[in-house]
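Comments concern the structure below.
In what follows, every heavy atom counts, from backbone to side chain, and hydrogens, waters and symmetry copies are set aside. Naming: A, B, ... by sequence-line order, numbering from 1 per chain. Only a predicted model underlies this, so the values are computations on that prediction, with no experimental measurement involved.
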2 protein chains.
Amino acid sequence: MEALDRRILSLLARDGRMSYTDIGKETGLSTSAAQQRVRRLEQRGVIKGYRAVLDSARLGHFVTAFVAIKPFDPSQADDAPERLAGIEEIISCYSVAGEPSYLLKVQVETMAHLEALLARIRAEAKCSTHTTTVLSTAYENRPEIS
Amino acid sequence: MEALDRRILSLLARDGRMSYTDIGKETGLSTSAAQQRVRRLEQRGVIKGYRAVLDSARLGHFVTAFVAIKPFDPSQADDAPERLAGIEEIISCYSVAGEPSYLLKVQVETMAHLEALLARIRAEAKCSTHTTTVLSTAYENRPEIS
DNA sequence: AATGAAACACGTAACGG
DNA sequence: CCGTTACGTGTTTCATT
């Protein structure tokens with residue numbers, strides 16, 4: 001991974017819509033060289049995609065929570081992520097070391113919706129849940145590159 | 001929030017680099033109308049920005065963890081997010097309800113780096129830490145809009 | 001608020017160094 | 001792997017409805 005590539009990744013991590021022309025200006029490359037670098041980073045999978053960052057509250061999603069889940073029957077197939085993948089309120093799903101098997105980040109309209117969602121998660125993944133409600137988000141998904 | 005705006009947000013949440021021309025085609029709007037809608041969504045803060053999604057492992061960040069922190073002295077000023085903001089290994093910082101005060105998501109090169117990071121967090125925020133290591137990420141930051 | 005058209009900027013591919 | 005050139009497409013603005 002070259003320093004030039006890291007510069008480009010840093011720029012795109014901060015502004016995913018930056019033009020190749022501007023990337024070139026920032027890095028001292030020509031437009032086509034910048035574009036070539038970005039394409040290679042995409043093809044190699046270093047850049048997995050581009051996303052608009054949205055304001056949850058303005059979309060009516062007022063409640064964020066982390067849900068730690070433990071399967072009721074540890075001898076059962078450990079397929080919680082697939083079983084839960086269809087639930088679109090589940091924003092993230094991590095397999096974790098420690099007492100719970102998975103940690104989910106969820107986003108719902110209200111507490112009532114959270115209650116219903118937890119019931120659904122328990123039913124679909126045959127698990128118990130331990131929920132931590134988010135009061136506020138100081139910062140989130142900051143670029144992991146300088 | 002109109003249905004048309006939600007469609008546009010859904011498209012940009014999945015492909016942050018989609019052109020206004022294509023957004024117009026998908027939504028049945030002219031290019032300039034699509035652009036106008038997007039600009040309004042940006043100005044109103046519904047769209048907070050655009051980011052490239054990167055592959056952590058390919059950047060050399062092989063360890064992801066969640067760190068729950070509790071201040072040693074509850075009577076002290078509760079300014080952990082600001083005190084920790086300068087640590088770029090901290091990707092996200094949530095204020096949470098429950099026993100810990102904050103939940104951090106961190107990303108480091110190796111376990112040795114995690115150890116050093118935890119020491120730094122404890123020192124800077126004057127807190128204890130409880131760490132949950134991520135084994136794998138099934139999915140993350142999925143679009144919170146259909 | 002949306003459209004259509006015109007001017008301009010950008011993205012893209014081909015080629016040469 | 002980078003730069004230049006050239007062409008097609010996307011973006012942006014404005015007049016109009």
Answer with yes or no whether the side chains of B:R14 and B:S10 bring together a donor and an acceptor at under 3.5 Å. yes
Is it the case that A:Y20 and A:Q36 place a side-chain donor and acceptor less than 3.5 Å from each other?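 Judged by distance alone, the side chains do not pair up.
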For DNA chain C, which nucleotides open and close the run of contacts to chain A, 5' to 3', at under 4.0 angstrom from a non-hydrogen atom? C:dC10 to C:dA13
Using heavy atoms and a sub-4.0 Å distance, could you list which residues of residues 7-25 of chain A are near DNA chain D? By number, please.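 Within this stretch, nothing sits under 4.0 Å of the strand.
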Are the side chains of B:Y102 and B:K70 in contact, using a 4.5 Å heavy-atom criterion? no
Below 4.5 Å, heavy atoms only, C-beta onward: do A:Q76 and A:K126 meet side chain to side chain?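 Sidechains of A:K126 and A:Q76: in contact.
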According to side chain to side chain contact (heavy atoms under 4.5 Å, CB included), who are the partners of A:R37, at least two apart in sequence or on a separate chain? A:E2, A:L4, A:D5, A:I8, A:L29, A:R40
For B:R122, check side chain to side chain contact (heavy atoms under 4.5 Å, CB included) against everything at least two apart and list the hits.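 If we apply the side chain to side chain contact (heavy atoms under 4.5 Å, CB included) test to B:R122, skipping adjacent residues, the hits are B:L118, B:A119, B:T129.
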Donor-acceptor pairs are to be reported for all side-chain atoms of residues 60-68 of chain B against protein atoms at under 3.5 Å, with residues two or more places apart or in another chain.
unit_1 : atom_1 : unit_2 : atom_2 : d
B:H61  : ND1    : A:E144 : OE1    : 2.8
B:T64  : OG1    : B:Q107 : NE2    : 2.5

Just to be sure I understand the geometry, which residues of residues 34-50 of chain A put a non-hydrogen atom under 4.0 Å away from DNA chain C?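 Heavy-atom contacts with DNA chain C come from A:Q35, A:R39.
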Establish whether the base of D:dT4 is bridged to the side chain of A:S32 by a donor-acceptor pair shorter than 3.5 Å.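 It does, because a donor-acceptor pair links the side chain of A:S32 to the base of D:dT4 below 3.5 Å.
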Salt-bridged, B:E89 to B:K105, with N to O below 4.0 Å?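 Salt bridge flag = no for B:K105 with B:E89.
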Residues B:E88, A:R142: salt bridge by 4.0 Å N-O rule: no
Touch check for B:A33, heavy atoms < 4.0 angstrom, all strands: base, sugar-phosphate only, or nothing?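 It contacts base atoms.
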Round to the nearest Å and state the distance from A:L29 atom CG to D:dG3 atom C1'.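 Between C1' of D:dG3 and CG of A:L29: 10 Å.
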The test is side-chain contact (heavy atoms from CB on, under 4.5 Å); show your working for B:S128 and B:F72 and say whether it passes. CA-CA 7 Å; B:S128 66; B:F72 285 135; 3.8 Å; yes
